Structure formats: structure tokens, C-alpha cells
2 protein chains.
Amino acid sequence: MGITRNSRRDELQSLLTQDPFLTDLQLAEALGVSVATIRLDRMALDIPELRERTKIIASKTYTKLKSIQGSEVIGELIDIEVGAYAISILSVLDDMVLERTKILRGHHLFAQGNSLAVAIVNWHTALTASAKLRYHRPVTLSDRVIAKASLIVKDKNHYTIQVESRVQQELVFQGEFVVVALNEKEEGDSHKNRS
Amino acid sequence: MGITRNSRRDELQSLLTQDPFLTDLQLAEALGVSVATIRLDRMALDIPELRERTKIIASKTYTKLKSIQGSEVIGELIDIEVGAYAISILSVLDDMVLERTKILRGHHLFAQGNSLAVAIVNWHTALTASAKLRYHRPVTLSDRVIAKASLIVKDKNHYTIQVESRVQQELVFQGEFVVVALNEKEEGDSHKNRS
DNA sequence: CCTCCTATTAAGACCTGGTGCTAACCTAAA
DNA sequence: TTTAGGTTAGCACCAGGTCTTAATAGGAGG
């Protein structure tokens, strides 16, 4: 039609990255061609059918989602002594890194350290009040980050926790977290939780 | 046969929580009953068919995964002037909060701010070198967090960026991020990226 | 014993979103 | 004009269901 075959295929690709749950019929209507053409295009571009795409997304994310969001501790908790220290390992998967450089996005290191700090406090409601972070070296795809958190100061309900994260002995990240343990009553009314 | 109907249904439930991608036929074989019985059991237990389950898992995780991992900016970027400021909105969904208290997990605020800081720098490789954070008030389920990042100091390739995140005008989070813009050459060899 | 009830199973028609194949069609260039 | 590339249509088939109806097994109660 008005457009060339290749630009239509580009368009198809981008439609599917926007929304991978489109049927061939929907794609056909969006691109003003027949369903048969969409099928040929998918073949050419090696794009599986809707059900296959759905299945891939579902199974890819099924376990991974848990690791970043579901569990209380981000990374795998391997040792903990409540009120003293905690250690976890985070394996850098390809969906945690920046596309171009394959460098781990900073918030994962933060999340690992932060959740470890909260785990040490081991209180029903423990919130981070403040933190100071240093990123020393980029962490890249398939590195394994070992984070060790240690309680250094406890002042009433304020816990100051030092986190050091290393890849093969080398320090990549440091953080000092102040975590506040809340009383039940204070929950949702913690205007004073400033470190 | 040896078991009762209710225990079979319990078993069915637990099989599906272990692996939600089982067909009726697989379930029937696992439980030693006919496919028809499995269908009846699913009806009774209000369990959708395989394809529906797959779709639910996929779409539930699809946008969420993106929001935490896939896209370059976490939250929805609504305004940006490169080298000056950037604003994004983050809607707090139920998988971002702590189970018990429904309070947003700290690393999401960090991630929103951090990715905004990196976006301002707009350099092919921009990494966080250090950060200081303050959490002022807990953010809860279904809040909308508006984060505004502003460049305050630029010293060669070091950018200091101030982020303030608010829920309904009220300050909930503050961060000061130092972001380093890397030369191509320095990539992967950034031992000196200490702010 | 037979009857009633529940659970289970089987059989058949239909649905969606495809696959794979063949045949026809249109247009534009050689 | 012939030929080739791209597009479309039609048909049979598939998985993994749906919904409905009907047949069967196995007690418990009379």
C-alpha cells in the first residue's frame, strides 16, 4: 500500500514491543493489510504467535519477578544474625543491566543493601530513614555481588547499618543506612522519622 | 480413587501453585482422574484455563517488570530538559509495597530518583557515583509519587543532581545524586569514578 | 432387593488463534 | 508480453479449552 514492505515490518516490530499481546487480526487492521500478510511478516521476522509470546513473557517473568519484588530480601540471603550482620548474594541477570553497556543499574545494588539493612533490624515495621551511598566500580552482567551488612550503631529505635558489596573481593558499593523500627502505633504517622 | 474429592481439589490447587502451566490433561494424569473431572474441579475452585492463567501471569508482570527493570526511566517521564531538570510520576502498585504494612519499598523511590538523575545527564554512559538520601514520610499503596530532579552543579563530567519526590505536595523523599558521564574509553575501567 | 443421589466419565459441537499449504491475484519491471 | 515479487484468499488441521447432554459407577436408605 502506501508504505513499503520493510517499513511495514519495522512498524510491526514496534507495535509488538509496545504491546506484545496483539493478535494477527489486530495487527492486520493496524497495518492495513490482510492477516495472511501479517503471518508472512511474522515468519520473516521470526516472531512467534501470540500464545507463544504470552507464554515466554509469563515463564520468563514468573520466577524473576519474585526475585526483585516478591521476596522481602533482594538477592539470596545466605547468612544472618539478627541485630548484628547479614549477607546476601545477587546474581546479575541480563534484565538488570543497561542495554548498551551491560552495567548493572544502580538501584539493584541499593535494593540489595537496603533490604539487608532492614532484615538485620528484624522488626515488624522497619523503614529506611536515610542513606549515603558510594558506587566504586561498575558491576556488569553475570557478576555475583556479595553484600555484607553490619549494624554499627543502635540508638533507641534508630539503627545505623554499614553495607559493603563486593564482586570477587573487590569493593563495588558502600552504603550507610539508617533504619527506623516503628511501633505499631506510629505506623502511617511517622512524620518524625528523620534520622 | 483412594482419595476424597476435597483432598483431590487441594492437591490440584497445590499442583497449580507449584506450576501454573499445567494443562487439564497433565493434571488429570497426575491426579488419576479424567479430564472432565479436572474441568469440574477447576469450575468449582474458580480456576481459569491454562491460557487464561498464562495471560494473567504475563500481563500482570509485563508492565511491572518494565517499570522496575525494562525501561530506562523508572516511573513515567513527563517532562525533561536535558542538563536542567526532569520530572516523572510513579504509581505505587501492590507489588511494590511491603506485604504487611502496604508501605512502598524504599528502593523504588531511589530507582525513580536515580533514573531521573541519569536521564538529565543524557550521556551514553552515565553512572551514579554516590548519593545521599532522606526518606521523610512513608509512601503507601496507590499513592502517586511525583519526582523532580534538577541539576545543581556540573563540574567537568560530574553532575550533582537534587531530587525531590512528593505525594500530594508533601515531601516524601529527597536525594542528592552525583552522576558521572563516562567517555567511551573509560568504560569498564572506571576505577577513579569516586566523586 | 431396588431406588435415589452423587460423583465421575464420555461424547459431540463449538471457539480462538493460530499453522501449513495451495492457488489466485496485482503490479511493475525486463 | 512474460516474469517475478508481494499480497491475499481458502481450506484443512491443531491445542486447549468451552458448554451441554447423556451414560455409568457406587453407595446409602428404604
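Quick note on labels: first sequence line is chain A, next is B, and so on, each numbered from 1. These numbers were taken from a predicted model, which means no experiment stands behind them.
At a cut-off of 3.5 angstrom, counting only N and O atoms as typed in the model, there is a donor on one side and an acceptor on the other between the side-chain of Arg51(A) and the base of dT16(C).
Both Val139(A) and Val97(A) belong to a single network of hydrophobic side chains, linked directly or stepwise wherever heavy atoms of I, L, V, M, F, W or Y lie under 4.5 Å apart.
In this structure, the CD1 atom of Ile38(B) is 9 Å from the P atom of dT9(C), given to the nearest Å. Between Asp24(B) atom CG and dT9(C) atom C1' the separation is 14 Å, expressed in whole Å. Rounding to whole angstrom units, CD of residue Glu49(A) and C1' of dA15(D) are separated by 9 Å. The CG-P distance, from Asp41(A) to dT7(D), rounds to 7 Å in whole Å. Computed from coordinates, the Arg39(B) CZ to dA13(C) C1' distance equals 14 Å when rounded to whole Å. Between the CZ atom of Arg5(A) and the C1' atom of dC26(C) there is a distance of 16 Å, rounded to whole Å. The separation between Leu16(A) atom CG and dG18(C) atom P is 10 Å, rounded to whole Å. Atom CD of Glu52(A) is separated from atom P of dA15(D) by 14 Å (rounded to the nearest Å).
The environment of CD in Gln13(B) is crowded: more than 12 heavy-atom neighbours from other residues, nucleotides or ligands sit within 6.0 Å. Heavy-atom contacts from other residues, nucleotides or ligands closer than 6.0 Å to NZ of Lys154(A) number more than 12.
If you check every strand for non-hydrogen atoms under 4.0 Å, Arg42(A) touches sugar and phosphate atoms only. At the heavy-atom level, Leu25(A) lies nowhere under 4.0 Å from the strands shown.
Closest of all the heavy-atom pairs between Val180(A) and Ala129(A) is CG2-CB, 3.7 Å. Of all heavy-atom pairs between Ser88(A) and Leu77(A), the closest is CB-CA, 4.0 Å.
Across the interface with DNA chain C, nearest-nucleotide mapping of Leu50(A) and Val35(B) shows Val35(B) to be the residue nearer the 5′ end.
In the set dT8(C), dT7(D), dG16(D), dT8(C) carries the atom at the smallest distance from any side-chain atom of Leu40(B). The side chain of Thr37(A) lies closest to dT8(D) when the candidates are dT8(D), dT19(C), dA10(C). Nearest nucleotide to the side chain of Ala36(B), out of dA9(D), dA10(C), dT8(C): dA10(C).
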